[in-house]
2 protein chains.
Amino acid sequence: MKVKEIADAAGVNPDTVRFYTREGLLRPVRNPDNNYQHYDAEDLRRLRFARKSRQLGFSLPEIRQILERADDQHSPCPMVRDVFEHRLAEVEREITELQGLRTRMISALTAWQDMPDGIPDGHTICRLIEHWDDPSAAPCCGEQTS
Amino acid sequence: MKVKEIADAAGVNPDTVRFYTREGLLRPVRNPDNNYQHYDAEDLRRLRFARKSRQLGFSLPEIRQILERADDQHSPCPMVRDVFEHRLAEVEREITELQGLRTRMISALTAWQDMPDGIPDGHTICRLIEHWDDPSAAPCCGEQTS
DNA sequence: CTTTGACCTGTGAGTTGGTCATAGGTTTTA
DNA sequence: TAAAACCTATGACCAACTCACAGGTCAAAG
Ligand SMILES: [Zn+2]
Ligand SMILES: [Zn+2]
Ligand SMILES: [Zn+2]
Ligand SMILES: [Zn+2]
């Protein structure tokens, strides 16, 4: 298979195939006649595996490690399980962080409903933003949060 | 104020101050004697404003636009409100996406509890990943989801 | 007076996972 | 035979910083 063929078979951009090849995830053989890369069914399996792993949150270096370990006939499963749990915790941390941002944004929107637009006066840039207090921040100079 | 002073006053990395300066958010004057940048109270206000805006999800180009608009004595408020609503929708989309990932990961973890580790046999790389089906994907070749 | 350490300068690279542009070579089709 | 579609490698680009490097400046301590 040539680049576009394997790319179509896996539903990815041909540049992604070239990128994964450069990164060592795919290992095509080169045709010396025309310098083209030739991918086989094994490469397609690896490519699909890589895409599936990406959907599960694995990074490219991690996927490469899994593939290399499998090439050496070592079971990648324990490492997969371990990485996966760390990744899940990280995803949950990101969700929490984004939900915090969402909460901040909604509280700001609510407060802004009652605030008029202002003209910058050299003392203020935009009161909407400046008068918004980060609920997650510690009081900075003795302020009391009622 | 010199770089480290304004950075400490705003609680950011001095490199961030230099970066924001390069990006046009801060406009220090240069001391011709020693080539040092000199920041004033206005810059500190802009820096704190920029950090607060970042916490609310604004991008650097957006913050620069707000600052430039305020410099021209035009009210940035309508634009702030508009950008903000789009950003909120985007944040909620990201949250949904991450929660989808989390759901996929947890369903995978659950399924993996009953699966033994396997040795790669040239036909399989890692059954944990390969036998996991993306619940959000459409059936690919006539499979029925029970 | 000199040395040391903390600070300053600009530039460029690294992060992540691709995507796109460029310029030139090859194969297939009309 | 010429256009269309494909291939190649390389490098830039995205976001928002962070860090490393090499060299200049300045205050205090010896
Ligand atoms: Zn496995
Ligand atoms: Zn305060
Ligand atoms: Zn405003
Ligand atoms: Zn199928």
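Each chain gets a letter, A, B and so on, in the order the sequences are listed, and its residues count up from 1. Computed over heavy atoms, backbone and side chain alike; hydrogens, waters and symmetry mates excluded.
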To the nearest Å, give me how far apart [atom1] ([X]) and [atom2] ([N]) are.
| X | N | atom1 | atom2 | value |
| --- | --- | --- | --- | --- |
| B:N31 | C:dG10 | CG | P | 13 Å |
| B:L26 | D:dC17 | CG | P | 12 Å |
| B:N13 | C:dC8 | CG | P | 11 Å |

Should [X] and [Y] count as an ion pair when the cut-off is N to O under 4.0 Å?
| X | Y | answer |
| --- | --- | --- |
| B:R18 | B:D15 | yes |
| A:E130 | B:K52 | no |
| B:D121 | B:R127 | no |

Are there any protein N/O atoms within less than 3.5 Å of an N/O atom in nucleotides 15-17 of chain C, and if so, which ones and at what distance?
unit_1, atom_1, unit_2, atom_2, d
C:dG17, OP1, A:R54, NH1, 3.4

Check nucleotides 8-14 of chain D against the protein and report each pair of N or O atoms closer than 3.5 Å, with its distance, or say if there are none.
unit_1, atom_1, unit_2, atom_2, d
D:dT8, OP1, A:Q37, N, 2.7
D:dT8, OP2, A:R18, NE, 3.2
D:dA9, OP1, A:R30, NH2, 2.7

For the atom pair [atom1] ([X]) and [atom2] ([Y]), what is the distance rounded to the nearest 0.5 Å?
| X | Y | atom1 | atom2 | value |
| --- | --- | --- | --- | --- |
| A:I125 | B:I66 | CD1 | CD1 | 9.5 Å |
| A:L26 | A:Q37 | CG | CD | 10.0 Å |
| A:I6 | A:T21 | CD1 | OG1 | 7.5 Å |
| A:E5 | A:L44 | CD | CG | 11.0 Å |

To the nearest 10°, give me the bend of the helix from C:dC1-D:dG30 to C:dA30-D:dT1, comparing the axes of its five terminal pairs at either end.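 The end axes of the helix from C:dC1-D:dG30 to C:dA30-D:dT1 are about 30° apart, to the nearest 10°.
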When every non-hydrogen atom of B:W112 is compared with those of A:R81, the smallest separation belongs to O-NH1, 2.9 Å
B:M79 versus B:E62, closest heavy-atom pair with distance: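 It is CE-O, 3.8 Å.
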